[in-house]
Colleague: 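The following block contains the structure, expressed as structure tokens.
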Number of protein chains: 2
Amino acid sequence: MTQIDSIDRKIIAELQQDGGLSSQELADRVGSSAASCWRRVKALEQAGILKQTVRLVDPARLGRGLDVFCQIRLKSQSRTQRAAFEAFIEAQENVVECYSISGDWDYLLHVVAEDVADYERVLMHGILDHEVIASSSSIFVLRRVKHQTAIPV
Amino acid sequence: MTQIDSIDRKIIAELQQDGGLSSQELADRVGSSAASCWRRVKALEQAGILKQTVRLVDPARLGRGLDVFCQIRLKSQSRTQRAAFEAFIEAQENVVECYSISGDWDYLLHVVAEDVADYERVLMHGILDHEVIASSSSIFVLRRVKHQTAIPV
DNA sequence: TCTGAAACCTCTTCCAT
DNA sequence: ATGGAAGAGGTTTCAGA
């Protein structure tokens, strides 16, 4: 990939809002041709800039109305303990995001649960059962004020 | 919408992983026909369960390699101050997520920035300039361990 | 609810610019 | 690198069973 120009940026912005756009629709919006847009999208995929196309859902309608952010401290930050913890988290389907963070805690998890009772189950009998965890602190989400996947271009 | 059955669940699961699947591909994966899948998808959209299709991007490749979670406390939690803050956040393109939370802080923001210097600008000369904010605390992301948009069905 | 077929749109390549 | 044209292939939509 040579360079991202202003048309590429427009394409990325459009596709971040609506991943279902056809090359022709894209062309109309960014002021180019369908063939050109198609080539640009392929190049952006090739370059690893555009990744998957996903469908977003309403968690509440699927019985996952509760979001919780959970900070975790490990007993030891050794490479093996970290690797063990990360592999474990990867397999937990209730944990949708996991970040290694700076500060007082080692990890920040974003957990989706049905309700508080379900979260208690997921945390106490799922996550905290893991050997390497020293302690945790939960931040309960009262309301999603803003929730977008698009990043500025 | 009457009820979500097991085929609907499979459709939702597939579409959360790959929003670009055609009705035929969906049909093959969930064991149904293209026409049936097409009708089910329309019904799930109508019911507000399936929402937008979006394209995911690599933030680092677009010069937004730094994620920061920022906790905010307002001077007052009055309705007008909260509304003012939320409208302000809505307009901040660097803030991709904002949650109203329980505990010591009022809000949790997910901010994307170019680097630490850029974050300092965004925070000090963007977000914290706002009148209603009393204090903040930033959690820097060292690495994205897991980052998925799909929630379990 | 499914099958089949028609109409339509999209992807993909090629070529002249 | 771009835009137009065009064939192949896939998708939507609507009969009829």
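Every chain is numbered from 1 and lettered A, B, ... according to where its sequence line falls, protein lines coming before strand lines.
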Colleague: Quick one: does any side-chain atom of A:K146 pair with a main-chain N or O of B:E90 as donor and acceptor, under 3.5 Å?
Modeller: yes
Colleague: Examine distances only and state if a side-chain atom of A:R55 and a backbone atom of B:Q17 form a donor-acceptor pair shorter than 3.5 Å.
Modeller: no
Colleague: Could you list by number each residue of residues 10-19 of chain B showing a heavy-atom separation from DNA chain C of less than 4.0 Å, or answer none if no residue does?
Modeller: none
Colleague: Atom CD of residue position B:Q77 - does it have more than 12 heavy atoms of other residues, nucleotides or ligands inside 6.0 Å?
Modeller: no
Colleague: Would you sort out whether A:E131 and A:K75 count as a salt bridge (Lys or Arg N to Asp or Glu O under 4.0 Å), showing the intermediate values?
Modeller: CA-CA 9 Å; A:E131 264 296 319; A:K75 288 179 186 158; 3.7 Å; yes
Colleague: Answer with yes or no whether the side chains of A:Y99 and B:H147 bring together a donor and an acceptor at under 3.5 Å.
Modeller: yes
Colleague: Rounded at 0.5 Å granularity, tell me how far OG in A:S136 sits from CG in A:D106.
Modeller: 12.0 Å
Colleague: Need two values: the first and the last nucleotide of DNA chain D, 5' to 3', having an atom under 4.0 Å from any heavy-atom of chain B.
Modeller: D:dT11 to D:dT13
Colleague: With the side chain counted from C-beta on, respond yes when B:V68 and B:L123 share a heavy-atom pair under 4.5 Å apart, and no when they do not.
Modeller: no
Colleague: Can you check whether A:S22's main-chain N or O pairs, donor with acceptor, with A:E25's side chain at less than 3.5 Å?
Modeller: yes
Colleague: Verify whether one side chain among A:R82 and A:S100 offers a donor that lies under 3.5 Å from an acceptor in the other.
Modeller: yes
Colleague: In the 5'-to-3' direction, what one-character label does each nucleotide of nucleotides 9-14 of chain C receive under the scheme B = base within less than 4.0 Å of a protein heavy atom, S = sugar-phosphate only, - = no such atom?
Modeller: -SSBB-
Colleague: If you measure from the Lys or Arg side-chain nitrogens to the Asp or Glu carboxylate oxygens, is any gap between A:E97 and B:R144 under 4.0 Å?
Modeller: no
